[in-house]
Every structure is written in C-alpha cells, then in structure tokens.
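As the structure is a prediction and not an experimental result, all values here were calculated from the model.
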Amino acid sequence: MVDKNSFITIWQKDFKMVFVILEIHMVIKKLLIIICFYLINIAAFGQWFNLGVHEANVQMIEDNVGYQFSNNSGSTPAAGIVNSISFTQDDWQMETIVNTGGGTYWGCCPISNLHFLDSDVGLRSEGFQGVYSFQKTIDGGVNWSNLPGSMVFRPTDVCLINDSVAYVAGNFYGPPFAKLYRLTPSSFTQIFTGDTMSFHANYTDNRGNMGNIEFVNSDIGFIIVKDTNQISYLFKTIDSGVSWNIMFTDSINELTSVSFPNGLIGYVSSTNGKVYKSTDGGDNWIGTHPSTIQDINSIDFIDDTIGYAVCNSGQIYRTINGGVTWDEEVSGLTSNIIKVKIIDVNAAYCIDENGTLLKNKFILSITEEENHEQSFLVFPNPAHQTIDISILNNSIIDDVYIYDQIGSLVSSGKKNQIDISNLVSGIYFILIKSGDQYLYSKFIKN
C-alpha cells in the first residue's frame with residue numbers, strides 16, 4: 001500500500017514527466033512549422049520550372065501566352081527557306097502554327113525578328129539576299145501586311161511601342177554601321193547612324209531580338225551600341241529619335257541590356273557581372289552588382305524595384321529592392337542564359353542559348369527578413385472566414401492577390417476585407433498592390 005506522501009511524490013514525478021513531454025511536443029511542433037514555412041518558400045517561390053527546349057527566340061507576352069518563330073531549309077535549294085510562327089496558350093505544352101511561309105528563291109525568306117505587342121498585334125522582319133522588309137499582323141499572326149520601305153542591313157532588334165509605332169535596330173554589312181529606323185504605317189525613317197558603331201548581334205542562330213532597344217514610350221528611348229574599339233555606349237532620345245545624347249559609357253565591359261520601367265529609373269547590364277542604376281533618367285549612374293563575375297546577358301525590371309538578371313553558366317539573380325541586394329536563384333542549367341522577361345508579379349521567363357525555356361510562377365519570394373520590412377497587417381492570422389488588411393501608412397489598396405503554396409492565384413479583390421471561406425485549410429501568400437509598390441506576406445487559413 002502506497003502512503004499519501006509517496007503517492008504525491010510519484011504523482012509529481014509523473015506530472016513533471018508529462019510536462020516535459022508536452023514541452024518537447026511544443027518545441028517539435030514549432031520546429032515543424034518553421035521547416036514547413038521554409039520548405040514552402042523554397043518550393044513555391046524562387047523556383048524555375050523547365051518548359052523544355054524550343055527555338056531560342058520565344059517571346060512570352062502574357063502568363064502562359066507566347067510566340068516563337070523558326071526557319072528551316074526547303075526540300076531543295078530552289079525551295080528556299082520555310083519559316084513558321086507558332087503560338088501557345090499553355091506554356092508550350094501544346095502549340096499552334098499560326099503562319100508558315102517562305103520563298104521560291106534561294107535563301108528566301110527567313111524571319112530574323114518577331115515582336116508582339118499583345119496576343120494580336122505583332123511585327124516581323126524577313127530577309128532576302130541582304131534586303132529586309134517588315135510585315136505587321138493584327139490577328140495573332142494569321143495574316144500579315146507589308147509596311148512601307150525596306151533596308152539593306154541585318155536587324156538585331158525590333159520593338160513595337162504601340163499599334164502604330166515601332167523601332168528597328170541593325171547593322172549594315174561590312175564596316176560596323178549601326179542604324180536605327182522608326183516605322184509607322186505610312187513612313188520608314190532612319191533616325192540614327194553610327195558610322196563606327198554596331199549593335200550587339202548574333203547571326204549564327206535565329207535568336208530574335210537582342211535587347212539593343214528600350215523605349216519607355218514613342219518619344220523616350222535608349223539604345224546600346226559599341227564602337228570599333230569595343231567601347232560601349234548608352235544613347236538616349238526624348239524626341240522620337242531626332243536627337244541622341246550619350247548617357248553612359250563603359251570602356252572595359254560591353255553593355256548588354258537596358259531596362260527602364262519608367263522615364264526616370266532604369267538599369268543597364270554588362271559583361272563581368274555589372275549592373276548600373278539611374279534614378280534621374282540616365283544622367284547619373286551607380287553600381288548595383290549581383291555577386292557574380294559571369295557575363296550578364298539580359299536584365300528586365302517590372303517596376304523600379306523588382307528585376308532579374310540572367311548570366312552565363314546558368315546563373316539567375318533577382319532583386320526586389322531596386323538592386324540594393326540580389327539573390328541567386330537555382331536555374332538547374334549550366335549553359336548561358338541569354339534572355340529574361342518579367343510578365344507580371346505572377347510569372348517570369350528566361351531562355352538559354354540552346355532554347356531551353358524556364359518559368360518562375362511567382363517572382364516575389366517571401367522570407368522572414370522581408371516580412372520584417374512589411375508595412376501592412378493581415379488579421380486575424382490564422383483566419384477562418386475573412387481577413388482584414390491594414391496598411392500602416394494609410395495608403396490606398398489597389399489590388400489584393402492570394403496565392404496557394406504552389407503559386408497559383410486562388411482569390412483576388414480590391415477591398416480591405418477579403419472573404420477566404422471558400423479556401424481549403426493551409427498556408428497562403430498574399431500580395432497587395434498599393435500605388436507603384438507591392439507588399440507581400442502570408443497567412444494561415446484554418
């Protein structure tokens with residue numbers, strides 16, 4: 001028989017043991033939550049999905065929507081070259097050939113550039129014996145109409161500004177004569193000539209636009225050229241190409257790509273891992289370099305803070321704070337990545353020299369460090385029926401997007417209170433657009 005004091009002692013020991021077990025359970029639970037958050041961040045964000053090998057000239061114009069072109073030799077030399085333009089609405093899981101063509105003459109008529117403003121309006125260049133002409137489509141590439149004029153040079157870049165204005169860059173044969181033209185439905189005007197300069201180009205592959213041109217609107221634009229001494233220059237126009245001014249030069253590294261999301265803030269990249277930023281329309285520049293010595297081949301910014309830089313050896317870097325810091329993301333490639341395009345906050349695409357197309361389904365990675373900088377509250381969290389959003393500086397909420405753990409959009413709205421009752425239990429990511437900035441965090445649905 002156990003006496004009272006012995007019973008109390010045994011009970012206290014058992015209670016302490018239960019308490020210790022509960023504490024261990026709580027610690028394990030917290031660790032599991034932390035691990036889950038970490039794994040979800042890795043799985044859902046900063047992850048590039050391989051969409052397979054395509055032509056190296058794919059242009060994605062919306063999430064899942066894009067075009068590409070290819071040139072193939074005809075059945076006999078006399079048959080010339082057969083070109084095809086393909087369209088996708090599902091990230092190239094299936095594609096539709098919307099236009100095929102070609103000449104009956106030797107070497108006629110390969111497509112060298114293709115640029116679509118949206119899913120309907122596009123521009124292409126075709127060459128025959130060194131002479132290039134341009135055609136426009138307004139029905140998604142099914143039919144094409146000729147624009148006035150032609151040029152004796154090799155186009156390196158075609159940029160549609162709107163449905164009536166385009167700019168075309170290229171090099172004259174022989175000496176490096178860089179030329180830029182302005183195309184409209186009724187005119188074909190040369191607006192820049194660099195007698196000792198050339199645009200960056202690669203004629204061995206049909207890679208399409210090389211990133212030589214960046215126009216903010218039909219008046220304000222930038223071009224990258226280099227001279228015979230391999231010194232690179234960034235020129236700017238504010239009057240549709242009537243006059244040009246040198247805004248930046250690099251005598252050591254070759255400038256490779258330019259991105260101006262608005263008229264004031266812009267970025268230019270170069271070889272040896274260099275990125276430079278301007279906040280005054282190109283008058284002054286500061287370095288904002290990723291931690292790489294690889295050549296940066298292409299940059300793209302969706303706004304003044306969020307951008308990507310892609311490099312040789314499969315390196316991809318992303319910034320969400322205007323280049324203050326850069327985070328490397330895993331591409332799964334060791335080849336040279338030559339182009340990057342941010343569609344919106346839901347998707348970014350890049351392609352390598354072999355035509356391997358990658359996609360990131362959600363370009364904003366959420367980390368604990370970034371959460372500390374957020375300026376809005378989501379409550380309650382966890383939540384069951386609704387969540388309320390409060391921006392600390394009383395800014396207006398333009399749009400609210402909610403994504404699941406794999407980056408799929410599951411809900412959206414424009415209010416401070418969002419109904420989440422139809423969502424299944426789990427962890428969700430919330431993105432808020434307020435003015436020209438994006439705010440982001442996560443919450444738990446019970």
Over 12 non-hydrogen atoms of neighbours within 6.0 angstrom of [atom1] in [X]:
X	atom1	answer
K136	NZ	yes
I246	CD1	yes
I293	CD1	no
I238	CD1	no

Side-chain donor/acceptor of [X] to backbone N/O of [Y], under 3.5 Å:
X	Y	value
D250	L255	no
S411	I402	no
N312	Q315	no
T196	T228	no
D352	N354	yes
S331	L333	yes
S259	F301	yes
S133	S150	no
S86	I97	no
S198	A178	no

With rounding to the nearest 0.5 angstrom, report the [atom1] to [atom2] distance, [X] to [Y].
X	Y	atom1	atom2	result
Q190	K179	CD	NZ	5.0 Å
K236	S278	NZ	OG	7.5 Å
I397	I418	CD1	CD1	7.5 Å
L180	I191	CG	CD1	4.0 Å
T256	I296	OG1	CD1	7.0 Å
I81	S70	CD1	OG	11.5 Å

For N245 and S243, what are the C-alpha separation, side-chain angles and deciding distance, and is it a side chain to side chain donor-acceptor pair (under 3.5 Å)?
CA-CA 7 Å; N245 295 307; S243 59; 5.3 Å; no
Looking at N321, T319, T288, which one forms a side-chain hydrogen bond (donor to acceptor under 3.5 Å, both in side chains) with W326?
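So the option named by the test is T288.
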Might you work through the side chain to side chain contact (heavy atoms under 4.5 Å, CB included) test for N83 and F69, ending with a clear yes or no?
CA-CA 7 Å; N83 54 58; F69 69 85; over 6 Å; no
For the student: nearest non-hydrogen atoms of [X] and [Y], plus distance:
X	Y	result
Y181	L183	CB-CD1, 3.9 Å
W144	G122	CZ3-O, 3.7 Å
L357	H54	CB-CD2, 3.8 Å
I265	P261	O-CD, 3.1 Å
V275	H289	O-ND1, 2.9 Å
G140	V98	O-CG2, 3.6 Å

Can you find a heavy atom in the side chain of [X] that is under 4.5 Å from one in the side chain of [Y]?
X	Y	answer
N171	M197	no
L114	N57	no
D91	Y349	yes
Y233	D227	yes
N253	S232	no
W244	I223	yes
M60	W92	yes
I389	I430	yes

Evaluate the ring planes of F116 and Y67, with Trp represented by its six-membered ring, and classify them as parallel (under 30°), tilted (30 to 60°) or perpendicular (over 60°).
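Ring orientation, 0 to 90° scale: parallel.
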Mind checking whether F443 and Y428 have parallel, tilted or perpendicular rings, split at 30° and 60°?
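Geometry flag for Y428 against F443: parallel rings.
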Do [X] and [Y] get their side chains close enough for a donor-acceptor pair, meaning under 3.5 Å?
X	Y	answer
N99	R124	yes
T88	D90	yes
N297	E353	no
D327	T325	no

Tell me, with the steps shown, if Q89 and N64 meet side chain to side chain contact (heavy atoms under 4.5 Å, CB included).
CA-CA 5 Å; Q89 286 184 302; N64 304 319; 5.9 Å; no
Which residue, F192, F199, F248, forms the ring-ring contact (aromatic ring centres under 6.0 Å, His included) with F235?
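Going through the options one by one, the only one that passes is F192.
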Applying side-chain contact (heavy atoms from CB on, under 4.5 Å) between I85 and each of I111, V142, T96, T100, report the one that passes.
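Exactly one pass, corresponding to I111.
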Name the one of L160, V165, T237 that satisfies side-chain contact (heavy atoms from CB on, under 4.5 Å) with F215?
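Of the listed residues L160, V165, T237, the side-chain contact (heavy atoms from CB on, under 4.5 Å) partner of F215 is T237.
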Partners meeting side-chain hydrogen bond (donor to acceptor under 3.5 Å, both in side chains) with Q417 (sequence neighbours left out)
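Residues passing side-chain hydrogen bond (donor to acceptor under 3.5 Å, both in side chains) with Q417: D388.
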Audit row: N272, D295, side chain to side chain contact (heavy atoms under 4.5 Å, CB included) steps and yes/no:
CA-CA 5 Å; N272 294 327; D295 293 350; 3.9 Å; yes
What do you reckon, are the aromatic ring centroids of Y308 and W48 less than 6.0 Å apart?
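Yes, ring centres under 6.0 Å apart.
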Please assess I338 against I351 for the test side chain to side chain contact (heavy atoms under 4.5 Å, CB included), listing each intermediate value before the final yes or no.
CA-CA 6 Å; I338 59 174; I351 194 164; 4.1 Å; yes
N-O pairing of K359 and D63 below 4.0 Å
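So K359 pairs with D63 through a salt bridge.
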